[in-house]
Amino acid sequence: MPRIRHKALDCSPGCTVEATLELIGGKWKGVILYHLLDGTLRFNAIRKRLANITQRMLTMQLRELEEDGFVTRTVYAEVPPKVEYSLTERGRSLEPVIMALKVWGDAHTGPARSIAPGSGTARSS
């Protein structure tokens with residue numbers, strides 16, 4: 001399903017947050033960006049780090065990240081084909097955001113914490 005794009009970011013005070021989440025939100029994009037912070041990775045290396053992602057979904061997410069200017073795809077003319085992905089300057093600019101999400105997640109999720117049903121808040125087990 002094609003993504004709905006903002007034509008202008010003057011719709012409301014929170015519109016830029018919404019637009020940003022459209023670009024990097026979802027289950028996989030933030031995780032892909034996080035792993036690419038370590039440096040250039042080949043397709044299969046990314047796939048191994050994301051054990052539950054399908055090849056099709058990884059391809060779609062990488063294409064969207066490339067289309068939005070966060071990731072560069074480099075294809076080498078060899079057999080078998082070698083394709084590498086790395087962050088662009090725009091993608092690298094998300095490092096503080098991605099790391100802030102990681103710090104928050106380390107503090108508020110994980111085995112020692114669970115979400116109380118219906119509360120939307122984490123509680124210690």
Side-chain angles (χ1 to χ4, degrees):
M1 175 181 283
R3 292 184 297 166
I4 298 170
R5 297 289 199 153
H6 284 277
K7 299 220 184 305
L9 298 177
D10 57 356
C11 50
S12 72
C15 194
T16 55
V17 173
E18 181 184 351
T20 302
L21 289 173
E22 276 185 24
L23 292 171
I24 65 167
K27 184 174 181 178
W28 299 110
K29 287 183 183 176
V31 182
I32 293 167
L33 293 167
Y34 173 77
H35 286 294
L36 288 174
L37 289 173
D38 290 338
T40 300
L41 293 171
R42 292 178 71 171
F43 182 89
N44 283 331
I46 299 170
R47 190 160 179 220
K48 283 178 187 174
R49 291 182 182 206
L50 307 174
N52 295 323
I53 195 169
T54 65
Q55 183 170 337
R56 182 175 184 268
M57 179 57 72
L58 179 56
T59 298
M60 286 175 22
Q61 297 294 280
L62 286 166
R63 283 182 184 160
E64 288 180 11
L65 288 167
E66 182 182 14
E67 179 183 312
D68 293 330
F70 296 114
V71 170
T72 297
R73 178 177 185 260
T74 306
V75 180
Y76 296 91
E78 42 184 80
V79 178
K82 177 180 171 183
V83 180
E84 293 182 336
Y85 294 89
S86 57
L87 293 176
T88 62
E89 190 174 318
R90 183 178 192 199
R92 181 77 45 202
S93 73
L94 287 168
E95 184 169 8
V97 175
I98 301 294
M99 295 313 294
L101 288 169
K102 183 185 183 320
V103 168
W104 188 92
D106 289 344
H108 297 283
T109 63
R113 300 195 146 321
S114 64
I115 302 297
S119 72
T121 59
R123 61 178 168 83
S124 294
S125 298

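Being a predicted model, the structure only gives us computed values, none of them experimental.
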inquiry  = Between Leu50 and Gln61, is there a side-chain heavy-atom distance shorter than 4.5 Å?
reply    = no

message = I'd like to know whether NZ of Lys48 has more than 12 heavy-atom contacts from other residues, nucleotides or ligands below 6.0 angstrom.
response = no

request  = Could you tell me whether the side chain of Thr88 and the main chain of Phe70 form a donor-acceptor pair under 3.5 Å?
outcome  = yes

ask   = When you look at CZ of Phe43, are more than 12 heavy atoms from neighbouring residues, nucleotides or ligands closer to it than 6.0 Å?
value = yes

Nearest atoms (heavy-atom pairs only) where Thr54 meets Arg47 = C-NE, 4.3 Å

query = If you measure only the distance, is there a donor-acceptor pair under 3.5 Å linking the side chains of Tyr76 and Glu84?
reply = yes

request  = Answer yes or no: is there a side-chain heavy-atom contact under 4.5 Å between Glu95 and Leu87?
outcome  = no

request  = Decide yes or no for Met60 and Arg63: does some side-chain heavy atom of the first lie under 4.5 Å from some side-chain heavy atom of the second?
outcome  = no

key: Partners meeting side-chain hydrogen bond (donor to acceptor under 3.5 Å, both in side chains) with Glu78 (sequence neighbours left out)   = none

key: Distance, nearest 0.5 Å, that separates CH2 of Trp28 from CE of Met57   = 8.5 Å

ask   = Quick one: does Arg73's side chain have a donor or acceptor within less than 3.5 Å of a partner on Leu62's backbone?
value = no

Contact summary for Ser93 and Pro96, nearest pair of heavy atoms = O-CD, 3.4 Å

request  = Using a 4.5 Å cut-off on heavy atoms from C-beta on, say whether the side chain of Ile32 contacts that of Leu58.
outcome  = yes

key: salt bridge (Lys or Arg N to Asp or Glu O under 4.0 Å) assessment of Arg92 paired with Glu89   = CA-CA 5 Å; Arg92 181 77 45 202; Glu89 190 174 318; over 6 Å; no

message = Same cluster or not: Val75 versus Leu36, using hydrophobic residues (I, L, V, M, F, W, Y) connected whenever any side-chain heavy atoms lie under 4.5 Å apart?
response = yes

